[in-house]
Amino acid sequence: QVQLVESGGGLVQAGGSLRLSCAASGRAVNTYAMGWFRQAPGKERKFVATITWSGTATYVADSVKGRFTISRDNAQNTVYLQMNSLKPEDTAVYYCAAGTWGTMENGYDYWGQGTQVTVSS
């Protein structure tokens with residue numbers, strides 16, 4: 001079992017930055033690829049970014065490319081999502097997930113509870 005706890009969400013003005021953290025615990029947690037997804041009000045959950053277990057490869061959605069960066073610190077069992085140049089359309093609940101590399105939800109076995117990010121215009 002793997003437990004994931006997100007933090008770092010909040011209210012920020014457009015153009016601002018936030019860094020989300022996802023603290024992972026449990027068996028072999030550092031062998032999993034990690035991903036970030038988000039769900040805006042009334043919409044389906046969507047892929048944001050993913051990183052391999054080693055941290056040597058990352059992939060981000062086109063909608064956030066050049067603004068968001070995913071990274072991980074395996075010594076701290078933590079994955080991060082640095083979000084810059086935030087836009088109102090980035091407003092969503094952001095979820096951390098652990099599983100296999102990919103952009104699809106069914107590739108991830110474990111999910112956190114989510115953290116709210118609200119970007120005001």
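In this chain, numbering begins with 1 at the start of the sequence shown. Keep in mind the model is a prediction, meaning the values are calculated, not measured.
Judged by distance alone, the side chain of Q1 and the main-chain N or O of R27 form no donor-acceptor pair under 3.5 Å.
Atom OG of S21 sits about 9.5 Å away from atom CD of Q82, to the nearest 0.5 Å. Of the inter-residue distances, the one linking M104 atom CE with T50 atom OG1 reads 13.0 Å to the nearest 0.5 angstrom. We find the OH-OG1 distance between Y59 and T52 to be 15.0 Å, quoted to the nearest 0.5 Å. One finds the CZ atom of R38 at 12.0 Å from the CD atom of Q116 (value rounded to the nearest 0.5 Å).
Counting heavy atoms from C-beta on, the side chains of Y94 and L81 come closer than 4.5 Å.
Under the 4.5 Å side-chain contact rule for hydrophobic residues, Y95 and L20 do not share a cluster. When hydrophobic clusters are built by joining Ile, Leu, Val, Met, Phe, Trp and Tyr residues whose side-chain heavy atoms come closer than 4.5 Å, directly or via intermediates, V119 is not grouped with V93.
Sorted by first and then second residue, the salt bridge (Lys or Arg N to Asp or Glu O under 4.0 Å) pairs involving residues 39-49 (not counting sequence neighbours) are R45-E105. Residue pairs meeting the ring pair (Phe, Tyr, Trp, His ring centres under 6.0 Å) criterion with at least one partner in residues 12-40, sequence neighbours excluded, are Y32-Y110, F37-F47, F37-Y108, F37-W111.
Counting heavy-atom neighbours within 6.0 Å of W53 CH2, excluding the residue itself, gives a total of 12 or less.
Side-chain contact of Q3 with S25: a donor-acceptor pair under 3.5 Å is present, judged by distance alone.
A salt bridge between D90 and K87 is absent, with no side-chain N of the basic residue lying under 4.0 Å from a carboxylate O of the acidic one.
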Practice task
Starting from the C-alpha separation in whole Å, work towards a yes-or-no answer on side chain to side chain donor-acceptor pair (under 3.5 Å) for T78 and D73.
Solution key: CA-CA 5 Å; T78 302; D73 182 345; over 6 Å; no
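The cationic group of R19 lies under 6.0 Å from the six-membered ring centre of Y80 and within 45° of the ring axis, placing it in a cation-pi geometry.
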